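Below is one structure, written out as structure tokens; the observations come after it.
Below, read A as the first sequence line, B as the second, and so on, with proteins coming before strands; counting in each chain starts at 1. None of the values given here were measured: they were computed from a predicted structure.
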Amino acid sequence: MAITSNDLLKDLSARGLIAQTTAEAELAEHLNQKARTLYCGFDPTADSLHIGSLVPLLMLKRFQDAGHKPLALVGGATGLIGDPSFKAVERKLNGPEVVSEWVEKLRAQVSQFITFNGEANSAEVVNNYDWTKNLNVIDFLRDVGKHFSINSMIQKESVKQRINREGEGISFTEFTYMILQSYDFAELNRLYSCTLQVGGSDQWGNITGGTDLTRRQNGNQVFGLTMPLVTKADGTKFGKTETGTIWLDKNKTSQYAFYQFWLGTADADVYKFLKYFTFLSVEDIDAIEKQDKESGVKPEAQSILAAEVTKLVHGEEGLVAAKRITAALFNNELVDLSEQDFSQLQLDGLPSSTVSKNDLAGGSLTSFLVDARLAASGKQVKDALQRNSVFVNNVAKGIEDNMKLAEIFDSVNGYYSKYFLVKLGKKKHHLFVLED
RNA sequence: GGAGGGGUUCCCGAGUGGCCAAAGGGAGCAGACUGUAAAUCUGCCACGAAAGUUUCGGUGGUUCGAAUCCACCUCCCUCCA
């Protein structure tokens, strides 16, 4: 990416956050002239955003910090259709009630990343359902559809594989998604003088559709900027783990699990991620990298990344909670923990459950731990037992202990007569609390 | 509406009457080695502690025996109209 004449764009470029832009030189000039309004869309495909949306969310914040006005668009309308961009298969449609419920959740979530201060560049959250719900089909086809050429639409890389791919196709509904998103841009240009849309690089086709439509309908030049897809050096998909997606909602991914996710970042990715996911300056990040390379010991970057991102998403308190659990599980002896510490760990989001004596009677360790979701099947627990990698309060259990459930979880063996910390393998922990 | 091709265990993908709980790969889990890393090596990988139980889009057949054969149904894809 060429050096531009705009400080913000220079920084973004240094961070590797710019994949593509429309009319680069003109965009720099456009942003230099005065505060502009930009938007980024988030479709409600679940009841929470996940870390895949973090880069664009932070991007809005970066623009706001530079004095521009961010609009976070929640796709109440587009979420009902489904974006086909680079998706291998047609998606299942979600019901309207479900989608509108998700819209509300995303609205709140998105709001925490941008500032609403009542000033000129105060953020706003908009919903594209507001301007599409009363759209009349005939008007839509005449006023909007006419501006789109099927010939160029099927040339878009984002849908090409769906069109060419053997065994899968694309419905008219999803094919039309691009037109709806383009209409959003034109509409936001009319309503808010919005002149820039940002998004992931998979959105390029949809974004340029919007810049074209805005020019044709409104006669205004507007811009697009995309961020690179977050990739990992080992080629696996970013944002997924054994346990699934890393969500921004702490009820879906605990602060502790969230922190742990970032802590596990590969050396090969961590400096790039610092640039993508934090507001640390590029110089500071380069300094961290230099120091890690020279230190010859375990790098610092992962814990800095984990701390910064956890703080951004879950606040200072969330970070403290995550660190508290991490310290207890990985650094300290459990014996040092007070009774209050144990109950605090529960509150902090350490996976835990309460058990009664009845739950234990006659049960097996395998099914007990599967029920607590420490393993996917009894076979896995059995495997771990055979390798002596199941620990209850730091005591290794073997396959011969499998049927001794009630004995193992007898109150005499628990910390403070009721706490049992179970470890399966190196990283999976679960706190069981015995009921009186 | 017509013709053809498909739906196999988390994914890809073998399997065309018994040797099939079903090859191979990927993912995943556990162990060793480590830095709660990477790479590598080892074991597991339908469910069940076990006895045993349930699978190959669905239903019903044929057969001593079916993922494999037959009928109907259903979903998907391609081409033609």
If you compare every side-chain N and O of A/Ser389 against the phosphate oxygens of B/A30 (OP1, OP2), does one of them come in below 4.0 Å? no
Output the single nucleotide from B/G28, B/A30, B/A49 whose closest atom is nearest the side chain of A/Gln380. B/G28
Length of the line joining A/Lys298:NZ and B/A38:P, which is rounded to integer Å: 12 Å
Donor-acceptor pair (no angle test) under 3.5 Å: A/Asp267 side chain, B/G35 base: yes
Result of checking A/Trp247, A/Phe258, A/Tyr256 against A/His314 for ring pair (Phe, Tyr, Trp, His ring centres under 6.0 Å): A/Phe258
Can you tell me which nucleotide in B/G31, B/C44, B/G28 comes closest to the side chain of A/Asp383? B/C44
Taking only side-chain nitrogens and oxygens of A/Lys404, does any of them come within less than 4.0 Å of OP1 or OP2 of B/A49? no
State which of B/A30, B/A32, B/A49 makes the closest approach to the side chain of A/Lys426. B/A32
Salt bridge or not for A/Lys379 and A/Asp383, using N-O below 4.0 Å? no
Please state whether the phosphate of B/A50, meaning OP1 or OP2, lies under 4.0 angstrom from any side-chain nitrogen or oxygen of A/Lys382. yes
Parallel, tilted or perpendicular: which fits the ring planes of A/Phe273 and A/Phe277, with parallel below 30° and perpendicular above 60°? perpendicular
Nearest to the A/Lys427 side chain among B/A32, B/U36, B/C47, which nucleotide is it? B/U36
